[in-house]
Amino acid sequence: MALKSITPGMKILILGSGGREHALAWKIAQSPLVDEVFSAPGNPGMDKIGPCFDVDPANLKDVQELALQITPDLIIVGPEAPLAAGVSDALRARGFDVFGPSQKAAQLESSKGFAKDLMKKYGVPTAAYGRFTDLTEALDFLETMDAPYVIKADGLAAGKGVIIAQTLEEAENTVEEMMTGKFGDASAEIVIEEFMEGEEASVFVMTDGDGAIYLPVAQDHKRVGDGDTGPNTGGMGAYAPAPIADARTMELVQTTIVEPMLSGMADDDMPYQGVLYVGIMVTPSGPKVVEFNARFGDPECQVLMAGLPGDIVPALLICATGGLVGAHAGLCDMMGLGDYRPSAVVVMAANGYPEKAEKGTLIQGVDIAGALDGVTVFHAGTDVNDKGELIASGGRVLGVTAVGADLKEAVAKSYQGVAAIDWPGGFFRKDIGRRALR
């Protein structure tokens, strides 16, 4: 396949408004190939990089109109909801190059059951499971399993749709809550899985559907409290590289998971283009898939963008347009994969998160934190009030990210950044990186 020509003066449009999208905008803006970075809808941090447009990324009509207005050379879809809505397909139909999978391929994330069925079809290692739309059948299935029980909403639930129940009674209550509307339509169907023992890691694969670039393996912290306690969240912090994923583990990830998925999906007329997030459990019998996501993880994207010293734009464009196999070595060199710098992010969340986050609280000191050596603060759930002051507008609000000579230094710098921020309305975990540093 002929490579897409890459020339300076590019315009890039990023869809999304979170910490992931701010990190992508920050990294892309550093490329000598890029003149302008646009965001929709963006956030106050992204607004400092380039123009932001008040457009819902899942509104196909409005996104197409915006793209026709600014004529970007590449469009990057950040979050999962627009992918599930088919925004990539709509934009490609208009002739735009898009980094992000089709609606059909994005079902890997938008339907847990769809992903499990594909893994079963392609022989990809994962936990045994059942899919249910009938409450009685789901409760009967629980009786055949041993504790603990893993119960997942089939659809998109903002990273909160997975519950690990320790007892049968807790599992039965969780199933009933989900199937009677806890997550709305997302949990009308559920997946019940066997519990896998091991340690989790996040593998990110940039692909055009044929070739693959493996980014440094990351680990995030899903539980809201120190020591992995409390309810699941979208992620309270992350770091990379994660030492749990050694060379043998990554060889198995490539040969038993990624390659079968990419080739199988291509054969089934839904080639996967974009970044494939493979959540794995490193078990005694090898890596197994916990979940797939159809986009960069958040907050893992923040550490990946901070740690890569080179230019990611050529790889994004080639993944969107094809020809990755022949360009693989050169793109890895441009990104600086061989010189990746250890990195960490500490998420600062609004009090009350993940149940009911307090919004509107004043945040100060972000610029002071961002001026510290090696520290970058990515906005996730922020806004400005009538006085132009920065306030919290979501659950996860800031991602204080840092690079260091080693992971210990990166984590220490992240916490130095956190200490510089004056925000009584927020909280953070104090043990990010503990698994790697213990």
Side-chain angles (χ1 to χ4, degrees), residues 3-79 82-83 87-88 90-100 206 208 273-275 295-296 298 301-302 304-306 308-322 327 331 334-336 366-367 370 376-380 382-384 388 390 399 401:
L3 286 178
K4 179 87 174 184
S5 61
I6 302 174
T7 56
M10 292 179 68
K11 295 187 291 185
I12 309 284
L13 172 60
I14 298 173
L15 301 182
S17 61
R20 163 185 48 229
E21 290 79 31
H22 187 187
L24 287 166
W26 172 83
K27 188 64 181 173
I28 287 165
Q30 297 170 28
S31 171
L33 298 169
V34 174
D35 273 3
E36 293 181 282
V37 179
F38 303 96
S39 302
N43 62 41
M46 298 169 77
D47 191 50
K48 294 181 179 180
I49 295 170
C52 293
F53 297 87
D54 187 17
V55 170
D56 177 358
N59 185 313
L60 306 191
K61 179 176 179 290
D62 289 353
V63 169
Q64 290 177 83
E65 289 179 354
L66 176 63
L68 291 168
Q69 174 188 334
I70 63 178
T71 61
D73 299 287
L74 178 64
I75 301 171
I76 298 165
V77 187
L83 293 168
V87 73
S88 296
L91 290 166
R92 288 190 179 107
R94 292 279 193 171
F96 293 105
D97 292 329
V98 182
F99 182 86
M206 296 176 64
D208 63 348
Q273 290 178 283
V275 62
R295 36 73 191 180
F296 281 109
D298 187 340
C301 185
Q302 289 84 310
L304 294 175
M305 294 304 108
L308 285 170
D311 190 348
I312 197 173
V313 171
L316 292 169
L317 184 62
I318 296 303
C319 285
T321 57
L331 293 173
M334 290 180 196
M335 293 167 66
V366 170
D367 290 341
T376 306
V377 182
F378 294 117
H379 293 236
T382 64
D383 202 346
V384 291
L390 192 68
T401 309

Inset, instruction - Please confirm whether the backbone N or O of Leu60 pairs with a side-chain atom of Gln64, one donor and one acceptor, at under 3.5 Å? - result: yes

Inset, instruction - Look at the side chain of Arg92 and the backbone N and O of Val98, then say whether any donor-acceptor pair between them is shorter than 3.5 Å. - result: yes

Can you tell me how far [atom2] of [Y] sits from [atom1] of [X], rounded to the nearest 0.5 angstrom?
X: Ile12; Y: Ile75; atom1: CD1; atom2: CD1; answer: 9.5 Å
X: Leu316; Y: Met335; atom1: CG; atom2: CE; answer: 7.5 Å
X: Ile14; Y: Leu74; atom1: CD1; atom2: CG; answer: 9.0 Å

[X] vs [Y] side-chain heavy atoms within contact, under 4.5 Å:
X: Val366; Y: Thr382; value: no
X: Asp56; Y: Asp62; value: no
X: Leu33; Y: Leu317; value: no
X: Asp311; Y: Pro32; value: yes
X: Thr401; Y: Met305; value: no
X: Thr376; Y: Gln302; value: no
X: Pro82; Y: Val63; value: no
X: Ile6; Y: Ile318; value: yes

Legend entry - Pairs meeting criterion side chain to side chain donor-acceptor pair (under 3.5 Å) with involvement of residues 9-28, two or more places apart: Lys11-Thr71

Legend entry - Worked check of side-chain contact (heavy atoms from CB on, under 4.5 Å) between Glu36 and Ile70: CA-CA 10 Å; Glu36 293 181 282; Ile70 63 178; over 6 Å; no

Taking all non-hydrogen atoms of both residues into account, name the closest pair between [X] and [Y] and its distance.
X: Asn43; Y: Ala380; value: ND2-N, 4.4 Å
X: Val77; Y: Ser88; value: CG2-OG, 3.9 Å
X: Phe99; Y: Cys319; value: CE1-CB, 3.7 Å
X: Gly336; Y: Pro309; value: O-CD, 3.4 Å
X: Ala67; Y: Pro72; value: O-CD, 3.4 Å
X: Asp298; Y: Gly19; value: OD2-N, 3.7 Å

Sequence neighbours left out, cut at 3.5 Å: what donor-acceptor pairs do the side chains of residues 46-55 make with other protein atoms?
none

